Amino acid sequence: MAIRFFNSRTRRTDELTPLRGDEVSIYVCGMTPNSHPHLGHARTFLTFDVLRRHLRSRGLKVRYVQNVTDIDDKIIERAAADKTPWSDIVARFYGEYEACAHQLRIADPDVLARATNEMDEITAMIAQLVELDKAYETADGVYFKVKSFSRYGELSGRQIDELRAGSRIEVREQKEDPLDFALWKKAKPGEPTWPSPWGPGRPGWHIECSAMSRRHLGDQIDIHGGATDLIFPHHENEIAQTESCTGLHPMAAIWMHAGLLNVDGQKMSKSLGNFMPLVDVLKRHSWAAIRYFFLQTGYRKPTNFTDAALEAATKGLRGLYADIEALRATAGDRPARSDRIAEAEEFDALLDDDLNTAGAVGWLQKRLKAERTASAQRDGSPQAAVALAERCLAVLGLPATVDEAGLTQAESSLRLTDAARLSLRIIAGDGHSDDRKLIDRVVAIRWAAREAKDFAASDRLRDVLLKSGIAVKDSKAGSEWTVIENE
RNA sequence: GGCGACAUAGCCAAGUGGUAAGGCAGGGCUCUGCAAAAGCCCGAUCCCCAGUUCGACUCUGGGUGUCGCCUCCA
């Protein structure tokens with residue numbers, strides 16, 4: 001049962017062989033809270049959430065560290081624009097991310113590493129690099145000597161010569177080489193600062209990850225993750241920094257990169273301004289459907305988000321729960337059969353293979369459908385199937401029931417227009433009850449008409465309700481109504 | 001221009017050297033006063049060309065196309 005992942009570093013699918021027994025160390029680059037978290041963030045962190053769940057279900061101990069780069073140029077810019085302290089910007093956007101992550105049931109990292117909490121480690125690492133002659137100080141900061149690191153470009157498959165042609169020096173920078181990147185930025189007036197041997201300032205973008213992964217996980221780790229857009233320059237630079245300090249290679253055995261998210265066929269990015277704020281998406285779609293949407297596709301594939309696709313995912317997930325509910329109902333009146341043990345090995349094996357969640361979901365669906373057929377013929381073991389389903393869903397981070405998934409029509413979405421309310425009141429002969437009771441009453445009147453086989457009246461009432469945004473479903477037991485989803 | 005990924009039914013999407021999971025949409029049927037919901041059934045030879053092979057969608061070579069990165073970005 002080898003667990004393997006596509007490794008950006010080797011461009012192959014490599015087996016996971018933990019450096020320390022059954023403990024897997026994972027470092028994932030988190031967000032820089034300089035703007036609203038978007039659906040792309042969710043995709044990435046959902047990917048690593050499922051990774052964690054799967055490794056744990058495989059009996060491995062996972063130590064998962066994720067960082068927050070809580071100081072950078074854009075945070076400072078934003079703070080200046082909003083005339084508020086930089087820490088407020090961080091609190092606001094990171095708080096927004098955490099709230100969304102919790103809604104999506106993304107487990108908290110074992111260690112949440114904040115750059116501004118680890119300035120000692122960061123400055124110590126920079127000092128070490130200077131000491132080793134891998135970095136140098138200038139008037140405006142400290143820079144890493146890219147040409148001092150022979151493996152530079154290995155992760156991203158880039159040649160130093162080619163990079164040099166495309167790079168350029170910012171006006172105020174005083175680098176020895178255009179490729180060199182900042183480890184420490186000396187503060188300009190009014191900027192937030194931390195003390196350092198080179199004077200007050202702040203870290204460059206990449207050094208915090210090197211310092212924090214080393215501090216919390218050690219000189220070498222099993223898996224380093226992020227989205228593909230971080231491969232260059234961020235992860236390339238991290239490698240240069242860390243491996244220059246430790247002298248060990250590779251700093252991470254496996255580099256896993258989640259594919260980027262497109263919106264309506266276009267690249268989503270902060271600079272293009274077309275990104276989907278997570279809070280908005282969570283208002284329009286259930287958290288479980290969002291998870292399911294991403295589970296249905298490979299984590300490395302670029303994925304196109306559309307509301308229609310999310311709707312399709314929602315329906316698909318409802319269908320999955322319908323099967324589970326049917327099995328629960330069947331299981332209820334039947335003695336448990338111990339001769340059929342829930343067998344999840346195939347499911348697990350699919351996830352072992354580069355986290356094939358799409359295959360795993362398909363497998364589960366097929367399995368439940370088959371079990372449902374078998375159980376209907378009194379030849380299955382619905383209890384075992386339900387147990388299997390719950391177990392698999394847990395690994396995927398999905399809840400055991402529809403209700404928990406938030407897929408049932410939200411009561412809060414009930415909203416009658418004044419005209420609709422008026423006509424319902426007239427029909428019900430009731431001017432006081434709230435909308436909910438009012439609808440119940442009209443539905444009851446219609447049911448009575450139906451019982452009396454006055455179908456003309458019954459259909460007329462259904463029509464009125466429909467125009468008010470209420471759909472009625474009849475069954476032998478009675479009528480149920482739901483709010484019609486708009487959009 | 002450089003590096004890389006991908007190319008499977010209307011759409012989304014797994015997958016194996018021996019004739020292609022699953023989901024959505026669509027069609028048919030059952031149920032139902034009708035409708036809705038639900039259940040059952042139905043669909044592709046896998047971008048093109050050449051090669052390897054008893055046999056390739058799956059391997060090799062070439063081509064075409066789409067996308068990403070190369071600048072801040074999950």
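We name chains A, B, ... by the order of the sequence lines, and we start the count at 1 in each one. Bear in mind that the values here come from a model prediction, so they are computed numbers and not experimental data.
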**Report entry** Ring centres under 6.0 angstrom apart (A:Y94, A:Y97)
**Finding:**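 Ring centroids of A:Y94 and A:Y97 are less than 6.0 Å from each other.
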[X] [atom1] to [N] [atom2], straight-line distance once rounded to whole Å:
X      : N     : atom1 : atom2 : result
A:H235 : B:C70 : NE2   : C1'   : 16 Å
A:I470 : B:A36 : CD1   : C1'   : 14 Å
A:L155 : B:A5  : CG    : C1'   : 14 Å
A:N262 : B:C12 : CG    : C1'   : 14 Å
A:L355 : B:A14 : CG    : P     : 12 Å
A:D307 : B:C12 : CG    : P     : 16 Å
A:D73  : B:U71 : CG    : P     : 17 Å
A:D229 : B:C69 : CG    : C1'   : 9 Å

Watson-Crick/G-U partner (both atom distances under 3.5 Å) of [N]:
N     : result
B:G43 : none
B:A38 : B:U30
B:U19 : none
B:G1  : B:C70
B:C59 : B:G51
B:A7  : B:U64

Query raised in the report: Side chains of A:W447 and A:D474: donor-acceptor distance under 3.5 Å anywhere?
Result: no
Say we look at [N] and [M]: how far apart would their [atom1] atoms be, to the nearest angstrom?
N     : M     : atom1 : answer
B:C31 : B:C40 : P     : 16 Å
B:C42 : B:G1  : P     : 49 Å
B:A14 : B:C70 : P     : 25 Å
B:C11 : B:U45 : P     : 14 Å
B:G65 : B:C48 : C1'   : 10 Å
B:C47 : B:A56 : P     : 15 Å
B:U58 : B:U16 : P     : 13 Å
B:G43 : B:G23 : C1'   : 14 Å

Side chain of [X]: nearest nucleotide among [options]?
X      : options             : answer
A:T297 : B:A13, B:G39, B:A74 : B:A13
A:R158 : B:A38, B:C69, B:A74 : B:C69
A:A227 : B:C72, B:A74, B:A35 : B:A74

Measure across [X] and [Y] and return the closest heavy-atom pair with its distance rounded to 0.1 Å.
X      : Y      : value
A:G397 : A:W287 : O-CZ3, 3.6 Å
A:D440 : A:W481 : OD1-NE1, 2.8 Å
A:R11  : A:G157 : NH2-N, 3.3 Å

Report summary line: Separation between CZ (A:R105) and CG (A:L46), nearest 0.5 Å, reads 12.5 Å
Requested in this report: Enter the distance from A:I324:CD1 to A:L393:CG here, rounded to the nearest 0.5 Å.
Outcome: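 Here the interatomic distance stands at 4.5 Å.
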**Report entry** Worked check of salt bridge (charged side-chain N to carboxylate O under 4.0 Å, His left out) between A:R58 and A:E345
**Finding:** CA-CA 10 Å; A:R58 277 307 204 184; A:E345 181 51 36; 3.4 Å; yes
Query raised in the report: Which residues within residues 458-466 of chain A lie with some heavy atom under 4.0 Å of an atom in RNA chain B?
Result: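 When residues 458-466 of chain A is checked for heavy atoms under 4.0 Å from RNA chain B, the hits, listed by number, are A:S458, A:D459, A:R462.
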For [X], which contact category applies under a 4.0 Å heavy-atom criterion: base, sugar-phosphate, or nothing?
X      : answer
A:R43  : nothing
A:N356 : sugar-phosphate
A:V28  : nothing
A:L261 : base
A:L260 : base
A:G298 : sugar-phosphate
A:G40  : base

Within the side chain of [X], is there an N or O that forms a donor-acceptor pair under 3.5 Å with the backbone of [Y]?
X      : Y      : value
A:S458 : A:D454 : no
A:R151 : A:I239 : no
A:E371 : A:S381 : yes

Query raised in the report: For B:C67, does OP1 or OP2 lie under 4.0 Å from any side-chain N or O of A:K301?
Result: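 No, A:K301 has no side-chain N/O under 4.0 Å of OP1/OP2 on B:C67.
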Report summary line: Between A:V472 and A:L350, whichever has its closest RNA chain B nucleotide further toward 5' is A:L350
Query raised in the report: More 5' along RNA chain B: A:R450 or A:K473, using each one's nearest nucleotide?
Result: A:R450
Query raised in the report: What residues form a salt bridge (Lys or Arg N to Asp or Glu O under 4.0 Å) with A:R460, not counting sequence neighbours?
Result: none
Report task. Could you encode protein contacts along nucleotides 20-25 of chain B as a string, one character per nucleotide from 5' to 3', using B for base contact, S for sugar-phosphate-only contact and - for no contact, with a heavy-atom cut-off of under 4.0 Å? Result -> -BSSSS
Query raised in the report: Of A:H224, A:R300, A:H235, which meets side chain to side chain donor-acceptor pair (under 3.5 Å) against A:H257?
Result: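 It is A:H235; the other options fail the test.
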Query raised in the report: Per the atom types in the model, does the base of B:C72 pair as donor or acceptor with the side chain of A:N34 at under 3.5 Å?
Result: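 Under the 3.5 Å cut-off, the side chain and the base do not form any donor-acceptor pair.
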